[in-house]
Amino acid sequence: MKRNIATAALMMVMTATSLFAQSQPAADASQKEMNLSLKDAVSSALSYSKQLQTSQQDVEIYKEKIRETRASGLPQASASLTGTTYFGKEMNLGGMPIKMENSLTFAATVSYTLSLQQLASVKVSKIAAQIYETTNESNILDVKANVTDTYYALLVYKRTIDILNQNLADMEDIQKHTQYAFDAGTCEQTDVDQIRVNVTQLKNTINSTERNYEVTKRLLVLQMGLPISTKINPSENLDDMIIEGTVAQMDSSNFDITKNPTYKQMAQSLDVSEATLKMYKRAYLPTLTVQYQYSHPFKGGFMNFDHVGNVVLSIPIFDGLAKQSRVKQTKIQMAQSETNMALLKDNLMQNEEQYRFELNSAIDAYLLQKENLDVAKRVLENYRNKYNQGVLSSLDLTQANANYLQAETSYATASLDLLQAHTKLSKLYNNFEY
């Protein structure tokens, strides 16, 4: 049983390793134990996760890139103050020496470039920003799924510890009864030793499970973004969560692939390729630049004109076929994106079918282990009564108790498998209820 529970804990730790570094809210939260629901745990993670903070910052950065791209297509203005000295030199003009005076000139320039390629680049930046937003959405799904699975593991550990403690109390009572019977000469020393070893094994199992329980609680605290010293206590009930959150709702959703973040990212990547192709094609079009300059000499100056304007129409003619190469590359990338999108669609549909199969199988296994647990409970209770009546040996009772604990382990494993299968399907659907 220790091995199975520890394996489940290891799976949860590996699932959520990427979320260990989290931001920390006020430190006073660590001074008291918090009764924590699953909804509260997810809400805290969404508020304080460093992973999500970084992801959101990426979105903000790309929004600023859009503004930067737009700004390059707006009128540009600049001003300058230029000081010039000729070091006392003279210029000979028609045999007449003219001394070159030092000068100080102020100039202001306003220019505007009309480029259809630049307008297309703005659209490319917008779609790229949408990809980052979808990536952020995908990260939110990851956080929800990881926190949910860790919380489920806590519920399994908590229930297992309660069951083991109750079993330990019962076995300690039987140990006392066996010792009294041995003192009265009605049983053998081996009966006492067998029960004593069983009690010791139970204590070791409880200690190991409690340590794993504490490790998993610290993992959840880190995923929530709270200080690591924060005390938490899961307030949900494992059995209620299975019935209300999984079995009763397993057929309530229809798979809409367009809501899946991975599929949305692929579709947006295709949009980026299409917009990029239009941008490169517009590189063949002329570019119009209009410029106006005003200058005023404060001192000196030679051949100065206050107002100067010019209009430049740039017509691309030949650039070594670089534009043509970029267009062809983008077309190939579009074809790749379309192929990858079709492949992704097939994979997601296959995953949906597989995850639903796993969920249905997990439900069947859970129901079987639940029934098996009920039978093991009744058998153990019957054997205890017979043992107390002196018609059953300690070896038989120990075996019945081991069978019961194995049934509890199988039930806990089946419960965790069921909840995790439901989480996988919910993540694929992008359909978490919190």
Side-chain angles (χ1 to χ4, degrees), residues 14-19 21-22 42 45-47 49-70 120-149 223 253-280 326-356 358 420-434:
M14 293 175 64
T15 301
T17 300
S18 62
L19 299 171
Q22 306 290 327
V42 173
L46 295 181
S47 298
S49 168
K50 277 188 176 179
Q51 178 188 3
L52 295 185
Q53 290 175 3
T54 302
S55 179
Q56 183 59 41
Q57 288 167 349
D58 287 336
V59 175
E60 297 301 322
I61 289 173
Y62 233 91
K63 286 181 178 179
E64 293 300 325
K65 287 183 179 294
I66 294 175
R67 297 187 181 96
E68 178 185 0
T69 304
R70 284 176 175 170
S121 68
V122 174
K123 185 175 181 180
V124 173
S125 298
K126 286 182 178 180
I127 300 174
Q130 292 174 0
I131 293 178
Y132 275 93
E133 290 176 355
T134 305
T135 301
N136 185 54
E137 180 183 346
S138 179
N139 290 335
I140 289 174
L141 271 180
D142 289 340
V143 169
K144 286 182 177 180
N146 290 330
V147 170
T148 299
D149 282 343
Q223 290 175 336
S253 301
N254 293 319
F255 184 39
D256 183 359
I257 196 171
T258 60
K259 293 183 179 179
N260 182 272
T262 306
Y263 186 83
K264 289 169 64 176
Q265 284 178 315
M266 186 63 69
Q268 289 165 345
S269 297
L270 181 59
D271 292 339
V272 167
S273 296
E274 292 176 348
T276 303
L277 179 61
K278 292 180 180 179
M279 181 182 69
Y280 287 152
R326 284 192 291 265
V327 169
K328 288 182 177 180
Q329 290 177 49
T330 307
K331 287 182 178 180
I332 295 173
Q333 290 172 354
M334 285 181 60
Q336 286 180 327
S337 296
E338 291 173 350
T339 303
N340 291 334
M341 193 169 179
L343 179 61
L344 176 62
K345 183 177 180 179
D346 292 340
N347 288 337
L348 290 176
M349 296 303 295
Q350 181 181 2
N351 288 343
E352 194 276 340
E353 183 177 352
Q354 177 184 345
Y355 293 168
R356 182 163 293 283
E358 291 176 358
Q420 289 179 339
H422 187 265
T423 300
K424 285 174 65 176
L425 198 59
S426 298
K427 182 180 177 182
L428 182 68
Y429 281 23
N430 192 4
N431 190 30
F432 283 101
E433 296 181 356
Y434 36 79

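Worth knowing before you read on, the calculation uses all heavy atoms, side chains too, and leaves out hydrogens, waters and symmetry mates.
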Quiz item: Are the charged groups of K65 and E68 less than 4.0 angstrom apart, N to O?
Solution: no
Quiz item: Do any N or O atoms from the side chain of N136 and from the backbone of Y132 form a donor-acceptor pair under 3.5 angstrom?
Solution: no
Quiz item: Can you list the residues that meet the side chain to side chain contact (heavy atoms under 4.5 Å, CB included) rule with R70, with sequence neighbours excluded?
Solution: I66, V122, K126
Practice problem: Return the set of residues passing side chain to side chain contact (heavy atoms under 4.5 Å, CB included) with A267 (not counting sequence neighbours), or none when no residue passes. | Solution: M341
Quiz item: Under 3.5 Å, is there a donor-acceptor pair between the T69 and S121 side chains?
Solution: no
Quiz item: Heavy-atom distance under 4.5 Å between the side chains of N260 and K264, does that happen here?
Solution: no
Quiz prompt | Listed partners of E133 passing salt bridge (Lys or Arg N to Asp or Glu O under 4.0 Å), at least two apart | solution = none
Could you list the donor-acceptor pairs under 3.5 angstrom formed between side-chain atoms of residues 342-352 and any protein atom two or more places apart in sequence or on another chain?
residue, atom, partner, partner atom, Å
N347, ND2, L343, O, 3.4
N351, ND2, N347, O, 3.4
E352, OE2, R356, NE, 3.4
E352, OE2, Y429, OH, 2.5

Exercise. For E353, enumerate each residue passing the salt bridge (Lys or Arg N to Asp or Glu O under 4.0 Å) test, keeping only those at least two apart in sequence or located in another chain.
Key: none
Practice problem: Could you tell me whether the side chains of N430 and E137 share a donor-acceptor contact shorter than 3.5 Å? | Solution: yes
Quiz item: K424 versus E358: any side-chain heavy-atom pair under 4.5 Å?
Solution: yes
Quiz prompt | Modelled atom types, side-chain donor and acceptor of D149 and Q420, under 3.5 Å | solution = no
Quiz item: Can you tell if the side chain of T423 reaches within under 4.5 Å of the side chain of F432, non-hydrogen atoms only?
Solution: yes
Quiz item: Does the side chain of S426 come within less than 4.5 Å of H422's, by heavy atoms?
Solution: yes
Exercise. Taking side chain to side chain contact (heavy atoms under 4.5 Å, CB included) as the test, write out the residues that go with N139, two or more places apart.
Key: Q51, L52, S55, T135, D142
Self-check item: Donor-acceptor contact below 3.5 Å, side chain S273 vs main chain S269
Solution: yes
